[in-house]
Every structure is written in C-alpha cells, then in structure tokens.
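One structure below.
The first residue in the sequence is number 1, and the count goes up from there.
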Amino acid sequence: ILTLDLSTDDKLVCSRDECGLIKIWRISDGACLSRIEHAHDAVITCCKFMERNSQIVSGSFDSVIRIHGLKSCNILKEFPGHTSYITEILLLDNEATLMSSSSDGTIKIWDAKAGVIRTTFIPGNSPKELSINS
C-alpha cells in the first residue's frame with residue numbers, strides 16, 4: 001500500500017498500490033468492500049473519494065486521471081492531457097473542478113463533469129514566473 005485517503009464521513013478509506021489496484025476498506029471492522037482491478041495501467045500515484053463517497057478519482061504513472069464508480073468498479077471518466085505521471089489531485093468547487101499536478105511540470109484545472117481542461121499553469125524556474133495557457 002502506497003497511500004490512503006479518508007472518506008468525507010470518516011467511515012471508509014481507499015488504498016492504492018503499485019499494481020494499479022484500488023481497494024476500499026470499512027474502518028470499523030477492516031473489511032475490504034471493493035477492489036477496483038486495473039484502475040490504471042501503471043503505478044497509481046494518488047486517489048481521493050468524491051461524489052459523496054460513491055466515486056474515486058485517481059492519477060497514475062500512465063499520465064491519466066480517472067474517475068471510478070465504487071459500486072460498479074468501472075471507469076466512469078478519463079482525463080488525458082498530462083505528458084508524464086500525475087503527482088497530485090485536488091477537488092475544488094464542490095467537486096465540479098479538479099486540479100492536477102504532474103511531473104511534466106504543469107498544473108491543470110479540469111471541468112470534472114465535462115472532462116476537459118480549463119486552464120494549464122506552467123510554473124517557471126523563478127517563484128515569480130508563471131505562464132497560464134487556457
């Protein structure tokens with residue numbers, strides 16, 4: 001297990017591993033409730049609960065962000081656009097917006113419903129330097 005994320009109601013935890021597997025655990029008794037097999041084709045770098053704990057958003061070394069349904073364990077949406085692995089995902093605006101960072105040196109802001117990039121930030125070498133492409 002590489003990382004964990006806690007559900008908004010503090011009852012579930014999701015774990016991810018280097019084989020592309022996401023597991024959902026119930027905290028009260030340690031039961032594994034779901035296994036999302038082949039969530040990605042590479043090491044999963046981050047995962048977070050969303051949509052009132054009914055979905056998981058994840059990023060990976062495959063450079064793609066995916067939203068998975070917890071009941072179906074299926075991929076519901078994909079967000080291609082980064083050219084290297086995803087380092088972090090944040091949920092904004094009541095989960096209407098995703099923000100992702102990548103080892104490609106960019107930060108992307110996504111419309112979570114439409115699955116499209118709204119803005120790309122390209123941080124420069126200087127802390128005062130920032131380029132925004134939209």
How many angstroms lie between SG in C46 and CD1 in I89, if you round to the nearest 0.5 Å?
4.0 Å
Closest non-hydrogen atom pair, A31 against D29:
N-OD1, 3.0 Å
Check whether the side chains of T120 and K108 place a donor and an acceptor atom closer than 3.5 Å, and report yes or no.
yes
Minimal heavy-atom distance between I117 and G81, with the atoms involved, is CD1-CA, 4.2 Å
With sequence neighbours left out, write down each residue that passes side chain to side chain contact (heavy atoms under 4.5 Å, CB included) with C19, or none if nothing qualifies.
D17
Side chains of L12 and L33: closer than 4.5 Å at any heavy-atom pair?
yes
Min side-chain heavy-atom separation D41-F61 under 4.5 Å
no
Could you report the tightest heavy-atom contact between V64 and P80, atom names first, then the distance?
CG1-N, 4.5 Å
With a 4.5 Å heavy-atom cut-off, do I107 and M99 have their side chains touching?
yes
Within one Ile-Leu-Val-Met-Phe-Trp-Tyr cluster: I86 and M50, side-chain cutoff 4.5 Å
yes
Does E37 reach the side chain of C73, with side-chain heavy atoms less than 4.5 Å apart?
no
Could you walk me through whether F121 and I109 pass side chain to side chain contact (heavy atoms under 4.5 Å, CB included), step by step?
CA-CA 8 Å; F121 296 90; I109 298 177; 3.1 Å; yes
Is the shortest distance from a Lys or Arg side-chain nitrogen in K113 or E51 to a carboxylate oxygen in the other one below 4.0 Å?
yes
Does atom OH of Y85 have more than 12 heavy-atom neighbours, drawn from other residues, nucleotides or ligands, at distances under 6.0 Å?
no
Quick one: pull up NZ in K71 and CD in Q55 and give me the separation to the nearest 0.5 Å.
11.5 Å
May I ask you to test the I56-I24 pair for a side-chain heavy-atom distance under 4.5 Å?
yes
Where is the tightest heavy-atom contact between A112 and K77, given as atom of each residue plus distance?
O-NZ, 3.3 Å
Criterion side chain to side chain contact (heavy atoms under 4.5 Å, CB included) on I65 and S58, from CA distance to verdict:
CA-CA 6 Å; I65 297 166; S58 60; over 6 Å; no
Residue list, side chain to side chain contact (heavy atoms under 4.5 Å, CB included) with S84, at least two apart or on another chain
S102, S103, D104
Step by step, work out the side chain to side chain contact (heavy atoms under 4.5 Å, CB included) result for T8 and N53.
CA-CA 7 Å; T8 55; N53 304 322; 3.1 Å; yes
Could you name each residue pair satisfying salt bridge (charged side-chain N to carboxylate O under 4.0 Å, His left out) that touches residues 84-100, not counting sequence neighbours?
K48-E88
For D9, does the CG atom sit with more than 12 other heavy atoms under 6.0 Å from it, leaving out its own atoms?
yes
Identify the heavy atoms of S15 and L4 that sit nearest to each other, and give their distance.
CB-CD2, 3.7 Å
Can you spot which of L90, L76, L98, D5 makes a side-chain contact (heavy atoms from CB on, under 4.5 Å) with V57?
L98
I22 vs I44, side chain to side chain contact (heavy atoms under 4.5 Å, CB included): CA-CA, chis, key distance, verdict
CA-CA 8 Å; I22 296 172; I44 299 170; 3.6 Å; yes
Does any N or O in the side chain of R16 come within less than 3.5 Å of the main-chain N or O of K23, such that one atom is a donor and the other an acceptor?
no
Expected output: side-chain S60 to main-chain V43 donor-acceptor under 3.5 Å
yes
Would you call H40 and H68 a side-chain contact if the rule is heavy atoms closer than 4.5 Å?
yes
Please check if any side-chain donor atom of S100 sits under 3.5 Å from a side-chain acceptor atom of W110, or the reverse.
yes
